[in-house]
Amino acid sequence: MKIRNVIHKGLRRFIEQDDAAGIPAAVAPKLRKIVSFLQDMESETELRTVPSWKTHQLTGDRKGTWSLFVTKNWRLTFRIEQTSIEIVDLDYEDYH
């Protein structure tokens with residue numbers, strides 16, 4: 001899937017320029033794996049194939065947003081635009 005936009009500045013730099021300056025060095029390899037997986041996947045059903053990412057959809061005012069576990073408090077969150085089959089609003093956030 002194509003990633004249309006990235007909200008977190010450090011994550012955007014990491015994806016576009018392979019520059020990890022804006023993210024913790026310890027999580028760079030894991031983020032690289034997750035982002036590569038997201039770019040290679042063809043449908044959202046593939047998201048649940050990696051149990052260690054604790055993939056789930058958020059509820060309430062964030063309904064439709066997917067969450068993938070990165071570290072204890074940090075997650076990659078994003079939505080999937082069904083009409084264009086793209087990942088939108090990819091973010092690296094501490095939402096706990």
Side-chain angles (χ1 to χ4, degrees):
M1 266 185 208
K2 179 182 177 193
I3 297 173
R4 184 188 310 164
N5 66 317
V6 181
I7 295 172
H8 188 276
K9 291 178 187 178
L11 182 61
R12 184 180 326 116
R13 186 179 319 119
F14 182 64
I15 293 170
E16 294 174 355
Q17 302 169 11
D18 199 28
D19 179 357
I23 58 171
V27 300
K30 186 171 188 177
L31 286 174
R32 183 170 279 115
K33 286 178 190 176
I34 293 173
V35 169
S36 292
F37 179 89
L38 292 175
Q39 290 173 325
D40 290 343
M41 83 178 180
E42 295 179 15
S43 75
E44 66 186 45
T45 58
E46 296 175 52
L47 285 170
R48 298 189 193 271
T49 61
V50 185
S52 64
W53 293 346
K54 303 176 186 175
T55 305
H56 64 282
Q57 282 191 296
L58 302 179
T59 58
D61 64 339
R62 303 225 27 212
K63 185 177 181 178
T65 300
W66 288 92
S67 173
L68 303 178
F69 176 87
V70 179
T71 65
K72 184 177 178 182
N73 287 341
W74 289 83
R75 307 289 186 269
L76 271 185
T77 59
F78 57 92
R79 292 181 302 108
I80 296 177
E81 181 69 43
Q82 295 299 328
T83 55
S84 59
I85 315 295
E86 292 179 322
I87 292 171
V88 295
D89 300 333
L90 181 63
D91 200 4
Y92 178 60
E93 62 180 300
D94 179 359
Y95 71 80
H96 280 86

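Atom CG in Leu31 sits 10.0 Å away from atom CG in Leu68 (nearest 0.5 Å). Within the model, atoms CD of Glu93 and OG1 of Thr65 stand 8.5 Å from one another, a figure rounded to the nearest 0.5 Å. With rounding to the nearest 0.5 Å, the separation of CE in Met41 from CD in Gln39 is 10.5 Å. The CD1 atom of Ile23 sits 13.5 Å away from atom CZ of Arg12, with the distance rounded to the nearest 0.5 Å. The structure places CD of Glu42 at 9.5 Å from OG1 of Thr45, a figure rounded to the nearest 0.5 Å. Considering CD1 of Ile15 and CD1 of Ile3, their distance stands at 4.5 Å, rounded to 0.5 Å.
Counting heavy atoms from C-beta outward, Lys30 and Trp53 have side chains that approach closer than 4.5 Å. Contact of the Phe37 side chain with the Thr49 side chain is registered, since non-hydrogen atoms from C-beta on lie closer than 4.5 Å. In this structure the side chain of Leu76 never reaches within 4.5 angstrom of the side chain of His8, judged on heavy atoms. For the pair Arg62 and Thr77, the minimum side-chain heavy-atom distance is below 4.5 Å. Between Met1 and Leu38, every side-chain heavy-atom pair lies at or beyond the 4.5 Å cut-off.
Partners of Glu44 according to the side-chain contact (heavy atoms from CB on, under 4.5 Å) rule, which considers only residues two or more places apart in sequence or in another chain, are Leu47, Trp66, Ile80, Gln82.
Of the N and O atoms on the side chains of Arg4 and Ser84, at least one donor lies less than 3.5 Å from an acceptor on the other residue.
Not a single donor-acceptor pair under 3.5 Å links the side chain of Arg79 to the backbone N or O of Gly64. Between the side chain of His56 and the main chain of Lys54, a donor-acceptor pair closer than 3.5 Å is present.
Grouping the Ile, Leu, Val, Met, Phe, Trp and Tyr side chains by contacts below 4.5 angstrom, directly or via other members, places Phe69 apart from Val50. Cluster annotation: Val88 is not connected to Ile7 through the hydrophobic network of ILVMFWY side chains, with a link wherever side-chain heavy atoms come within less than 4.5 Å.
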Evaluate Asp89 against Phe78 for side-chain contact (heavy atoms from CB on, under 4.5 Å), listing each step before the verdict.
CA-CA 5 Å; Asp89 300 333; Phe78 57 92; 5.9 Å; no

Given the rule in the side-chain contact (heavy atoms from CB on, under 4.5 Å) test, do Asp18 and Arg32 qualify, once you have shown the distances and angles that lead to the verdict?
CA-CA 9 Å; Asp18 199 28; Arg32 183 170 279 115; 2.4 Å; yes

